[in-house]
Amino acid sequence: MGRMKFLSEKRILMSTALVLILCGSLWEYIPSGCLRALLPAAGVLIFVLVFLWDGRQKKEQSDFANDICGTVDALMNGESPENYQPYEDSQVSKVQGKLLQYYDRMQQGREQSEQDKQTIQELVSDISHQVKTPIANIRMFTNILQQHRLSDEKRAEFLGTMTGQINKLDFLMQSLIKMSRLETGTFTLHMEEGSLYNTIAQAVNGIWATADQKQIRIDVTCDSHAVVRHDAKWTAEALGNILDNAVKYTPKGGSISICVRPWQFYTRIDITDTGIGIAAGHYNDVFQRFYRAEEVAGEEGVGLGLYLARGIITRQKGYVSVKSKVGEGTTFSVFLLQ
């Protein structure tokens with residue numbers, strides 16, 4: 001409606017200007033009486049139109065300000081603006097659209113902040129829960145050593161137990177630090193073309209001694225010239241966690257095989273063991289942090305290895321899958337983007 005009035009006033013002004021131009025061009029042919037009547041009338045008309053136009057402009061500015069203020073008030077109250085017309089080609093709609101975009105981004109930032117806060121709270125809760133047992137054990141053995149006179153053999157036994165608890169606590173804290181860095185995105189990947197053979201060798205070196213103690217054979221099938229774009233340090237960490245899991249749950253005298261096969265878009269690394277296996281219903285559970293199946297609750301570990309492994313590989317745009325048969329063994333497949 002306002003636009004129609006604006007166009008009408010514009011046409012009147014243009015018509016008046018055209019009349020004045022014609023009067024100037026046909027000055028000699030127009031009677032002087034008509035000119036004396038026409039020129040003042042035209043002047044008055046222009047004055048009135050300018051006055052009306054100025055009033056219209058002020059009203060439009062006021063309406064514009066009111067609409068924008070109403071939009072801001074609605075967004076501040078977490079509501080949708082009532083007067084927003086997304087498909088209307090007007091200045092108000094354009095400004096409202098930008099305000100809504102800004103509000104959406106602010107809302108996303110607020111939600112991310114809440115998620116980060118929740119993550120930090122969960123991490124603190126998990127850390128406090130996990131460190132209680134080794135700290136309680138260390139405190140108990142310390143009190144025994146301080147308050148009782150023990151034989152050298154018994155004292156050595158207690159000190160050995162305390163050393164084991166300290167090592168467990170150190171392992172736990174290192175794992176929790178890695179987990180917190182992973183979840184908060186504070187660790188940096190250095191992606192570059194590198195030898196996958198060397199990365200696998202680094203991962204195997206970390207579990208070789210434990211596997212040898214259990215007489216577990218380790219076979220590796222990998223082209224020594226295989227090159228993949230990856231972060232060697234963190235990828236070795238991920239593969240080492242999977243291998244550590246395989247050694248832990250494979251009986252004495254078993255075997256672990258590592259087979260690398262190039263695919264069209266990925267390089268696939270299969271880590272297969274002859275361990276106790278995983279029930280199909282727990283395929284997703286094993287990647288959750290602090291998950292421990294009931295049948296392995298007595299084994300050493302805190303349930304972070306596979307969680308960290310998947311997180312590391314995922315952040316390199318790869319993925320990890322698992323297939324298993326209970327009592328026969330498990331295959332973890334790591335896919336690294338070529």
Side-chain angles (χ1 to χ4, degrees), residues 115 119 122-123 126 129-130 171-172 175-176 178-183 196 199-200 203-204 206-207 210-211 214 216-222 228 230-231 234-251 254-338:
Q115 290 178 2
T119 298
E122 291 176 357
L123 287 175
D126 290 337
H129 175 73
Q130 292 293 327
F171 171 77
L172 174 62
S175 298
L176 291 171
K178 292 173 184 177
M179 181 187 70
S180 64
R181 290 181 64 190
L182 188 70
E183 293 208 356
L196 185 58
T199 301
I200 293 175
V204 171
I207 53 91
T210 307
K214 295 182 69 174
I216 295 175
R217 187 179 74 255
I218 299 177
D219 298 318
V220 179
T221 303
C222 177
V228 177
H230 67 296
D231 183 297
W234 283 103
T235 303
E237 172 85 18
L239 297 177
N241 288 347
I242 296 174
L243 286 169
D244 180 72
N245 219 58
V247 172
K248 190 179 299 180
Y249 301 121
T250 296
S255 65
I256 297 173
S257 65
I258 304 170
C259 180
V260 178
R261 290 179 291 171
W263 281 22
Q264 185 173 3
F265 299 108
Y266 291 90
T267 293
R268 176 173 177 170
I269 307 170
D270 286 335
I271 300 176
T272 304
D273 62 54
T274 57
I276 61 176
I278 302 169
H282 295 301
Y283 282 0
N284 292 325
D285 296 335
V286 297
F287 293 107
Q288 302 302 314
R289 64 183 184 189
F290 300 116
Y291 173 78
R292 302 295 305 282
E294 293 182 2
E295 58 270 22
V296 299
E299 297 285 344
E300 288 289 332
V302 293
L304 284 177
L306 295 179
Y307 169 80
L308 290 172
R310 186 176 68 169
I312 291 168
I313 299 301
T314 299
R315 280 160 178 75
Q316 297 183 76
K317 298 183 179 179
Y319 64 97
V320 183
S321 65
V322 58
K323 288 185 178 180
S324 182
K325 287 186 177 180
V326 176
E328 296 185 16
T330 302
T331 298
F332 283 93
S333 298
V334 177
F335 296 84
L336 295 175
L337 188 64
Q338 293 186 6

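The analysis underlying the following values was restricted to heavy atoms, covering all of them including side chains, and did not include hydrogens, waters or symmetry mates. All values reported here derive from a predicted model rather than from experimental measurement.
- Screening residues 320-338 for salt bridge (Lys or Arg N to Asp or Glu O under 4.0 Å), with sequence neighbours left out, gives no hits.
- Scanning for side-chain contact (heavy atoms from CB on, under 4.5 Å) contacts around T331 gives D270, T272, S333, with sequence neighbours left out.
- Taking the side-chain contact (heavy atoms from CB on, under 4.5 Å) definition, one finds that D231 meets it with L189, H190, M191, K233, W234, Q316, sequence neighbours left out.
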> L243 and I258: side chain to side chain contact (heavy atoms under 4.5 Å, CB included), yes or no, with the steps?
Replying inline: CA-CA 9 Å; L243 286 169; I258 304 170; 3.7 Å; yes

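- Put simply, the side chain of Q338 gets close to the backbone of Y266: a donor and an acceptor are under 3.5 Å apart.
- A 6.0 Å sphere centred on CZ of R261 holds more than 12 heavy atoms belonging to other residues, nucleotides or ligands.
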> Where do I207 and I218 land on the side chain to side chain contact (heavy atoms under 4.5 Å, CB included) test, with the steps shown first?
Replying inline: CA-CA 10 Å; I207 53 91; I218 299 177; 3.4 Å; yes

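- A distance of 11.5 Å separates CZ of R315 from CD1 of I313, quoted to the nearest 0.5 Å.
- The shortest heavy-atom contact between A309 and A238 is CB-O, 3.6 Å.
- Not a single donor-acceptor pair under 3.5 Å links the side chain of R310 to the backbone N or O of L306.
- Nearest heavy-atom pair, P251 versus I216, reported as atom, atom and distance to 0.1 Å: O-CG1, 4.0 Å.
- Residues passing the side-chain contact (heavy atoms from CB on, under 4.5 Å) test with K317, sequence neighbours excluded: L337.
- Listed by chain and residue number, I278, Y283, T330 satisfy the side-chain contact (heavy atoms from CB on, under 4.5 Å) test with S324 (two or more places apart in sequence, or in another chain).
- Between F332 and F287, the ring planes lie perpendicular to each other; the angle is over 60°, past the 30° to 60° tilted range.
- Shown here are the ring pair (Phe, Tyr, Trp, His ring centres under 6.0 Å) partners of Y307, two or more places apart in sequence or in another chain: there are none.
- Between I256 and A246, the shortest heavy-atom distance links the atoms CD1-CB, 3.7 Å.
- Rounding to the nearest 0.5 angstrom, the gap separating the OG1 atom in T274 from the CZ atom in R217 is 8.5 Å.
- I276 contributes atom CD1, which lies 11.0 Å from atom NZ of K248 (distance to the nearest 0.5 angstrom).
- No more than 12 heavy atoms of other residues, nucleotides or ligands sit less than 6.0 Å from atom CG of N284.
- Counting heavy atoms from C-beta outward, V286 and N245 have side chains that stay 4.5 Å or more apart.
- The minimum heavy-atom distance between C222 and I200, with the atom names listed, is SG-CD1, 4.1 Å.
- The distance from atom OG1 of T314 to atom OH of Y319, rounded to the nearest 0.5 Å, is 11.0 Å.
- Between H230 atom NE2 and L336 atom CG the span is 7.0 Å, to the nearest 0.5 Å.
- Heavy-atom minimum distance, G281 versus D285: O-OD2, 3.7 Å.
- Between the CG atom of L308 and the CG atom of N241 there is a distance of 6.0 Å, given to the nearest 0.5 Å.
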